[in-house]
Amino acid sequence: MMHRSMVWRWLGIVLLPMLIFGWGTAVRAEPKAPDVLVKEIADEVIERLKQKPIQSDEDMNEWLVYVEERVLPHFNFERMTMLAVGPAWRQATPEQRKRLTEEFKTLLVRTYASALREYRNEKLEFRPLRMAPGDKTVRVSSYFIRPGGEPISVDYMMELRGDSWKVFDVVVAGVSLVTSYRSTFGQEIQAKGIDGLIQMLAQKNARGETLPADAAAQG
(Lines give C-alpha, C1' and ligand atoms only; values in the text may rest on other atoms or scores of the structure.)
Protein backbone atom coordinates (compact mmCIF):
# COMPACT_ATOMS: atom_id res chain seq x y z
CA MET A 1 0.00 0.00 0.00
CA MET A 2 1.28 3.46 -0.87
CA HIS A 3 2.24 5.74 2.00
CA ARG A 4 0.00 8.78 2.29
CA SER A 5 2.90 11.18 1.83
CA MET A 6 3.39 9.74 -1.67
CA VAL A 7 -0.30 10.13 -2.41
CA TRP A 8 -0.29 13.79 -1.48
CA ARG A 9 2.96 14.38 -3.34
CA TRP A 10 1.09 13.81 -6.60
CA LEU A 11 -2.05 15.68 -5.64
CA GLY A 12 -1.03 18.87 -7.39
CA ILE A 13 -0.96 17.01 -10.69
CA VAL A 14 -4.47 15.82 -9.98
CA LEU A 15 -5.72 19.14 -8.66
CA LEU A 16 -4.94 21.37 -11.61
CA PRO A 17 -6.91 19.45 -14.24
CA MET A 18 -9.73 19.26 -11.73
CA LEU A 19 -9.65 23.04 -11.37
CA ILE A 20 -9.37 23.95 -15.01
CA PHE A 21 -12.27 22.02 -16.50
CA GLY A 22 -14.72 24.56 -15.09
CA TRP A 23 -13.31 27.23 -17.40
CA GLY A 24 -14.29 25.13 -20.40
CA THR A 25 -17.92 24.97 -19.26
CA ALA A 26 -18.34 28.69 -18.74
CA VAL A 27 -18.79 29.47 -22.43
CA ARG A 28 -21.35 26.72 -23.14
CA ALA A 29 -25.11 26.94 -22.66
CA GLU A 30 -25.34 23.21 -21.91
CA PRO A 31 -22.60 21.63 -19.80
CA LYS A 32 -20.87 18.56 -21.15
CA ALA A 33 -20.89 15.34 -19.21
CA PRO A 34 -18.59 15.76 -16.18
CA ASP A 35 -16.19 12.97 -17.14
CA VAL A 36 -15.86 14.32 -20.69
CA LEU A 37 -15.00 17.77 -19.37
CA VAL A 38 -12.40 16.48 -16.94
CA LYS A 39 -10.74 14.29 -19.57
CA GLU A 40 -10.57 17.02 -22.21
CA ILE A 41 -8.99 19.57 -19.92
CA ALA A 42 -6.77 17.07 -18.11
CA ASP A 43 -5.26 16.13 -21.48
CA GLU A 44 -4.75 19.80 -22.26
CA VAL A 45 -3.07 20.56 -18.94
CA ILE A 46 -0.84 17.52 -19.04
CA GLU A 47 0.29 18.50 -22.52
CA ARG A 48 1.06 21.99 -21.22
CA LEU A 49 3.11 20.52 -18.39
CA LYS A 50 5.10 18.46 -20.87
CA GLN A 51 5.82 21.53 -23.00
CA LYS A 52 6.35 23.91 -20.09
CA PRO A 53 7.48 22.01 -16.99
CA ILE A 54 7.90 23.92 -13.76
CA GLN A 55 11.63 24.33 -13.32
CA SER A 56 11.84 27.65 -11.53
CA ASP A 57 9.91 30.01 -9.30
CA GLU A 58 9.17 32.10 -12.37
CA ASP A 59 7.53 29.10 -14.05
CA MET A 60 5.47 28.47 -10.93
CA ASN A 61 4.33 32.09 -10.82
CA GLU A 62 3.15 31.85 -14.43
CA TRP A 63 1.11 28.75 -13.60
CA LEU A 64 -0.41 30.41 -10.55
CA VAL A 65 -1.43 33.44 -12.59
CA TYR A 66 -2.98 31.15 -15.18
CA VAL A 67 -4.96 29.33 -12.50
CA GLU A 68 -6.02 32.58 -10.82
CA GLU A 69 -7.34 34.11 -14.03
CA ARG A 70 -8.92 31.10 -15.69
CA VAL A 71 -9.89 28.69 -12.97
CA LEU A 72 -10.82 29.90 -9.52
CA PRO A 73 -14.26 31.35 -10.43
CA HIS A 74 -15.34 27.80 -11.32
CA PHE A 75 -14.46 26.25 -7.97
CA ASN A 76 -16.86 25.96 -5.04
CA PHE A 77 -14.35 27.04 -2.42
CA GLU A 78 -17.06 27.89 0.09
CA ARG A 79 -18.26 24.30 0.19
CA MET A 80 -14.68 23.06 0.28
CA THR A 81 -13.95 25.29 3.27
CA MET A 82 -17.14 24.18 5.00
CA LEU A 83 -16.07 20.55 4.63
CA ALA A 84 -12.57 21.32 5.90
CA VAL A 85 -13.76 23.29 8.93
CA GLY A 86 -16.40 20.72 9.84
CA PRO A 87 -19.08 21.28 12.53
CA ALA A 88 -17.54 24.57 13.64
CA TRP A 89 -18.63 26.11 10.32
CA ARG A 90 -22.15 26.41 11.72
CA GLN A 91 -20.83 28.64 14.51
CA ALA A 92 -19.06 31.04 12.16
CA THR A 93 -20.56 34.39 11.25
CA PRO A 94 -21.01 35.32 7.56
CA GLU A 95 -17.89 37.51 7.76
CA GLN A 96 -15.86 34.72 9.38
CA ARG A 97 -17.01 32.28 6.69
CA LYS A 98 -15.93 34.73 4.00
CA ARG A 99 -12.49 35.19 5.56
CA LEU A 100 -12.03 31.46 6.09
CA THR A 101 -12.91 30.75 2.47
CA GLU A 102 -10.54 33.41 1.12
CA GLU A 103 -7.59 32.31 3.25
CA PHE A 104 -8.15 28.58 2.72
CA LYS A 105 -8.39 29.08 -1.04
CA THR A 106 -5.07 30.93 -1.12
CA LEU A 107 -3.34 28.34 1.03
CA LEU A 108 -4.81 25.38 -0.83
CA VAL A 109 -3.82 26.56 -4.30
CA ARG A 110 -0.26 27.38 -3.22
CA THR A 111 0.21 24.15 -1.28
CA TYR A 112 -0.76 21.78 -4.05
CA ALA A 113 0.41 23.81 -7.04
CA SER A 114 3.91 23.15 -5.74
CA ALA A 115 3.39 19.43 -6.40
CA LEU A 116 3.17 20.16 -10.13
CA ARG A 117 6.96 20.20 -10.10
CA GLU A 118 6.80 16.44 -9.59
CA TYR A 119 5.05 15.64 -12.87
CA ARG A 120 6.88 12.77 -14.59
CA ASN A 121 4.71 11.68 -17.52
CA GLU A 122 1.91 10.14 -15.50
CA LYS A 123 -1.12 9.09 -17.51
CA LEU A 124 -4.72 9.63 -16.39
CA GLU A 125 -7.35 6.98 -17.20
CA PHE A 126 -11.08 7.26 -16.52
CA ARG A 127 -13.66 4.74 -15.40
CA PRO A 128 -17.21 4.75 -16.83
CA LEU A 129 -19.34 7.49 -15.31
CA ARG A 130 -22.27 6.39 -13.18
CA MET A 131 -24.79 9.17 -13.55
CA ALA A 132 -28.59 9.10 -13.67
CA PRO A 133 -30.71 11.70 -15.47
CA GLY A 134 -31.24 14.68 -13.19
CA ASP A 135 -28.24 14.03 -10.98
CA LYS A 136 -26.68 17.24 -9.70
CA THR A 137 -23.87 15.65 -7.71
CA VAL A 138 -21.57 13.07 -9.28
CA ARG A 139 -18.31 11.25 -8.69
CA VAL A 140 -15.93 11.06 -11.65
CA SER A 141 -13.56 8.16 -11.02
CA SER A 142 -10.12 7.90 -12.57
CA TYR A 143 -6.63 6.70 -11.81
CA PHE A 144 -3.11 7.87 -12.48
CA ILE A 145 -0.70 5.38 -14.01
CA ARG A 146 2.84 6.06 -12.80
CA PRO A 147 5.91 4.53 -14.46
CA GLY A 148 7.25 1.89 -12.11
CA GLY A 149 4.63 2.56 -9.44
CA GLU A 150 1.17 1.53 -8.32
CA PRO A 151 -1.82 3.31 -9.91
CA ILE A 152 -3.35 6.09 -7.78
CA SER A 153 -7.13 6.29 -7.69
CA VAL A 154 -8.58 9.77 -8.09
CA ASP A 155 -12.25 10.65 -7.58
CA TYR A 156 -13.53 14.10 -8.52
CA MET A 157 -16.56 15.19 -6.48
CA MET A 158 -18.62 17.56 -8.60
CA GLU A 159 -21.90 19.42 -8.38
CA LEU A 160 -24.06 21.17 -10.95
CA ARG A 161 -24.60 24.81 -9.99
CA GLY A 162 -26.60 26.76 -12.53
CA ASP A 163 -25.29 25.80 -15.94
CA SER A 164 -21.82 24.61 -14.96
CA TRP A 165 -20.19 21.82 -13.00
CA LYS A 166 -18.03 22.82 -10.04
CA VAL A 167 -15.61 20.79 -7.98
CA PHE A 168 -16.00 20.66 -4.21
CA ASP A 169 -13.61 17.84 -3.32
CA VAL A 170 -11.15 15.35 -4.73
CA VAL A 171 -10.41 11.97 -3.15
CA VAL A 172 -6.94 10.55 -3.78
CA ALA A 173 -6.35 6.91 -2.84
CA GLY A 174 -9.32 7.12 -0.50
CA VAL A 175 -8.14 10.35 1.16
CA SER A 176 -10.38 13.43 0.84
CA LEU A 177 -8.49 16.62 0.01
CA VAL A 178 -10.66 18.94 2.04
CA THR A 179 -11.61 16.81 5.03
CA SER A 180 -7.97 15.86 5.58
CA TYR A 181 -7.54 19.34 7.05
CA ARG A 182 -10.35 18.92 9.56
CA SER A 183 -8.24 17.63 12.45
CA THR A 184 -5.65 20.40 12.14
CA PHE A 185 -8.33 23.07 11.80
CA GLY A 186 -10.34 21.60 14.66
CA GLN A 187 -7.36 21.75 17.01
CA GLU A 188 -6.76 25.39 16.11
CA ILE A 189 -10.43 26.25 16.65
CA GLN A 190 -10.51 24.47 19.98
CA ALA A 191 -7.43 26.34 21.17
CA LYS A 192 -8.06 29.82 19.73
CA GLY A 193 -11.53 29.87 18.22
CA ILE A 194 -12.58 30.52 14.64
CA ASP A 195 -10.75 33.86 14.59
CA GLY A 196 -7.62 32.00 15.66
CA LEU A 197 -7.90 29.70 12.64
CA ILE A 198 -8.40 32.68 10.34
CA GLN A 199 -5.34 34.35 11.82
CA MET A 200 -3.24 31.20 11.44
CA LEU A 201 -4.17 30.84 7.77
CA ALA A 202 -3.64 34.54 7.10
CA GLN A 203 -0.18 34.45 8.67
CA LYS A 204 0.84 31.48 6.56
CA ASN A 205 -0.40 33.19 3.42
CA ALA A 206 1.36 36.45 4.31
CA ARG A 207 4.64 34.53 4.67
CA GLY A 208 4.03 32.56 1.48
CA GLU A 209 3.98 29.30 3.41
CA THR A 210 2.06 26.12 2.70
CA LEU A 211 0.39 23.57 4.92
CA PRO A 212 2.61 20.46 4.75
CA ALA A 213 0.97 17.62 2.85
CA ASP A 214 1.80 15.06 5.55
CA ALA A 215 0.11 17.22 8.17
CA ALA A 216 -3.01 17.32 6.06
CA ALA A 217 -2.97 13.63 5.25
CA GLN A 218 -2.70 12.65 8.91
CA GLY A 219 -5.86 14.63 9.76
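Since this is a predicted model, take the numbers as computed values, not measurements. What you see below is based on every heavy atom in this structure, not just the backbone, and it leaves out hydrogens, waters and symmetry mates.
- Taking both residues in full, the closest heavy atoms of I194 and A88 are given as CD1-O, 3.6 Å, listed atom of the first, atom of the second, then distance.
- Counting only heavy atoms from C-beta outward, the side chains of K98 and E95 approach each other to under 4.5 Å.
- Looking at D135, its side chain never comes within 3.5 Å of a backbone N or O of M131 through a donor-acceptor pair.
- Summarising the geometry of K50 relative to P53, their closest heavy-atom pair is O-CD, 3.8 Å, with the distance given to 0.1 Å.
- The minimum heavy-atom distance linking F104 with M80 is given by the pair CE2-O, 4.0 Å.
- Using modelled atom types, one side-chain atom of N205 and one backbone atom of E103 make a donor-acceptor pair closer than 3.5 Å.
- In this structure, R127 places its CZ atom where more than 12 heavy-atom neighbours from other residues, nucleotides or ligands lie under 6.0 Å away.
- Here the side chains of E150 and Y143 are not in contact, with every heavy-atom distance at 4.5 Å or above.
- Inter-residue side-chain proximity for E62 and K52 is flagged as met; some heavy-atom pair is nearer than 4.5 Å.
- Annotation: Q190, atom CD; neighbour count of heavy atoms from other residues, nucleotides and ligands within 6.0 Å does not exceed 12.
- A donor-acceptor pair is defined here as one N or O able to donate and one able to accept, closer than 3.5 Å; such a pair exists between the side chain of S142 and the backbone of V154.
- Between Y156 and F126, the ring planes lie parallel to each other; the angle is under 30°, not in the 30° to 60° tilted range.
- Counting heavy atoms of neighbouring residues, nucleotides and ligands inside a 6.0 Å radius, atom CZ of R90 does not exceed 12 of them.
- Shown here for S180 and V175, the closest heavy-atom pair between the two residues is CB-CG1, 4.3 Å.
- Within a 6.0 Å sphere centred on CD of Q96, heavy atoms belonging to other residues, nucleotides or ligands number more than 12.
- Formation of a donor-acceptor pair under 3.5 Å by the D169 side chain with backbone atoms of V178 is found in this model.
- The hydrophobic cluster containing L160 also contains V138, counting ILVMFWY residues as joined when their side-chain heavy atoms lie under 4.5 angstrom apart, directly or transitively.
- Looking at every heavy atom in both residues, T81 comes nearest to T101 through OG1-CA, 3.5 Å.
- Listed here is the closest heavy atom pair of L201 and L100: CD1-CD2, 4.3 Å.
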